[in-house]
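Both counts, for ligands and for their atoms, begin at 1 and track the order of listing.
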Amino acid sequence: MVLVTGGAGYIGSHTVCALTEAGFGCLVLDNLEKGHIEAVKGVPAIRGDLRSPSDIEQAFCSYGVTSVVHLAAYSEVGESVQFPDKYFENNVTGTRNLLDAMETHGVDKIVFSSSAAVYGEPKTATIDESHPTAPSSPYGESKLRAEREITSRDIKSVCLRYFNASGASPTHNIGEDHSPETHLVPRLLLSLLGRTTFQIYGSDYDTPDGTCVRDYVHVSDLARAHVDAVRFLENSPGNHVFNLGSGHGASVSEVVAAAAKVTHKSISPLVTGRRPGDPSRLVASNELAKKVLGWAPVHQDLETIVEHAWHWHRRFPDGYKGVII
Ligand SMILES: NC(=O)c1ccc[n+]([C@@H]2O[C@H](COP(=O)([O-])OP(=O)(O)OC[C@H]3O[C@@H](n4cnc5c(N)ncnc54)[C@H](O)[C@@H]3O)[C@@H](O)[C@H]2O)c1
């Protein structure tokens, strides 16, 4: 049985579907502060908090947990700057509590959701795993500290450093529903549905069209990487780090153009000033994950990613409030 913390969240719910389809039994542990019970499909779930050791104990005592996929965390860069302690408590102390319970129960395999935010300002055009880590936000710092907590223990681990998760499952009624929503693709699409506003933060970056370049990786591809990582850990000792990205950069203007094409709507977003701390370009090298995990993104095309997200948002413009289980 794989314990999936944060399994009711955006990436977690897709990961539970991928693990289940691959034949793994899953148990979700989520406090539902940001997650949605409607997103948990056909697996047992415990409402519990990683900051409470007794909640974690309940999960380990009730089911035969053999490995852990740990996604539960706060993940808003801006909020982390405002409330750093909140981020260190949830993301670092929560991870420490989870590792303590793993030790107590003799569970020695963990796949951890880390982030490209651990790298900070990039020094190279594409970022590989040997790039120095220098987080530029408390969020990124909390992820790096959690990685270090993990590697300080006598367990096997894979830390997956995701770039920009986006899209939605093409086969299950699950997608992205954050409140507040800060990610580019959902904000853009929800603005077309009259649910939010959308603006481009800065058009004077040192990029071909002046807008920030990011690496958008389909959430179903990310989910599949967790299956690969859980399998990999069955026979691989030690601690491992893999970047998960498409390996290609797309600018904000290119995402807007893809959305206009997919939705058949004309979009002329307001351009405002830069946001502090936004690097001009963040693009992954995904070679190591390809070589060692045998993982490769399937939904490479930006229009496909936007199309799948659009399908979800159009069906459920108010997110999981509109989903009947
Ligand atoms: N979305 C991205 O683009 C992205 C990029 C890099 C890394 N990540 C990381 O991936 C993970 C999942 O991200 P997401 O976008 O799915 O976020 P999400 O907010 O949708 O999911 C996180 C889930 O964890 C739960 N949770 C949070 N704190 C908890 C706690 N103390 N106890 C129990 N449950 C708790 C929330 O209720 C939520 O369901 C996070 O660790 C995030 O830092 C996400």
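- Both the backbone and the side chain of Asp49 come within 4.0 Å of ligand 1, counting heavy atoms alone.
- With a heavy-atom cut-off of 4.0 Å, His36 does not touch ligand 1 at all.
- Of the heavy atoms in Phe163, only backbone atoms (N, CA, C, O) come closer than 4.0 Å to ligand 1.
- Side chain to side chain, Thr151 and Asn239 fail the donor-acceptor criterion of an N or O pair below 3.5 Å.
- Of the N and O atoms on the side chains of Tyr87 and Glu141, not one donor lies less than 3.5 Å from an acceptor on the other residue.
- In this comparison of Ile46, Asn90, Asp55, the heavy atom closest to atom 28 (N) of ligand 1 sits on Asn90.
- Within ligand 1, the atoms closer than 4.0 Å to a non-hydrogen atom of Ala72 are 24 (O), 26 (N), 29 (C), 34 (N), 35 (C), numbered from 1 in the order shown.
- Proximity of Lys143 to ligand 1 is established by a heavy-atom distance of less than 4.0 Å.
- Annotation for Lys290: atom NZ counts as buried by contact number, over 12 foreign heavy atoms lying within 6.0 Å.
- The backbone of Leu32, and not its side chain, has at least one atom closer than 4.0 Å to an atom of ligand 1 (non-hydrogen atoms only; backbone = N, CA, C, O).
- The closest heavy-atom contact to atom 7 (C) of ligand 1, among the options Ser75, Gly7, Ser114, comes from Ser114.
- By heavy-atom distance, the residue among Gly6, Ala73, Ala165 lying nearest atom 27 (C) of ligand 1 is Ala73.
- Proximity of Asp177 to Glu38: side-chain heavy atoms (C-beta onward) are nowhere separated by under 4.5 Å.
- For atom 12 (C) of ligand 1, the closest heavy atom belonging to the protein is Leu71 O, 3.8 Å.
- Residue contact check for ligand 1: Gly48 places a non-hydrogen atom closer than 4.0 Å to it.
- With a heavy-atom cut-off of 4.0 Å, His178 touches ligand 1 through its side chain alone.
- In this structure, Lys291 does not pair ionically with Glu129, as no charged nitrogen and carboxylate oxygen lie closer than 4.0 Å.
- Closest to atom 8 (N) of ligand 1 among all protein heavy atoms lies Tyr162 CD1, 3.5 Å.
- Contact analysis leaves Gly94 out of contact with ligand 1, as no non-hydrogen atom separation drops below 4.0 angstrom.
- The single protein non-hydrogen atom nearest to atom 26 (N) of ligand 1 is Asn31 OD1, 3.6 Å, given as residue, atom name and distance.
- The aromatic ring centres of His226 and Tyr162 sit less than 6.0 Å apart.
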Show your working on ring pair (Phe, Tyr, Trp, His ring centres under 6.0 Å) between His240 and Phe232 and close with a plain yes or no.
-> CA-CA 10 Å; His240 308 266; Phe232 172 76; 4.8 Å; yes
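- Among all protein heavy atoms, the one lying closest to atom 32 (N) of ligand 1 is Leu50 N, 3.0 Å.
- With a heavy-atom cut-off of 4.0 Å, Arg161 does not touch ligand 1 at all.
- Taking a cut-off of under 4.0 Å to the non-hydrogen atoms of Ala8, the atoms of ligand 1 that pass are 39 (O).
- Tested against Asp49, the residues Thr5, Asn31, Asn97 include a single side-chain hydrogen bond (donor to acceptor under 3.5 Å, both in side chains) partner, Asn31.
- Less than 4.0 angstrom separates some heavy atom of Gly35 from each of these atoms of ligand 1: 36 (C), 37 (O), 38 (C), 39 (O).
- Remark: minimum distance from atom 19 (O) of ligand 1 to any protein heavy atom is reached at Lys34 CB, 3.6 Å.
- In this structure a side-chain-to-backbone donor-acceptor pair under 3.5 Å is missing from Arg224 to Pro297.
- Gly9 CA, 3.5 Å is the protein heavy atom nearest to atom 21 (O) of ligand 1.
- Using a 4.0 Å cutoff on heavy atoms, His183 counts as a contact of ligand 1.
- A salt bridge does not link Arg195 with Glu181: none of the charged nitrogens is closer than 4.0 Å to a carboxylate oxygen.
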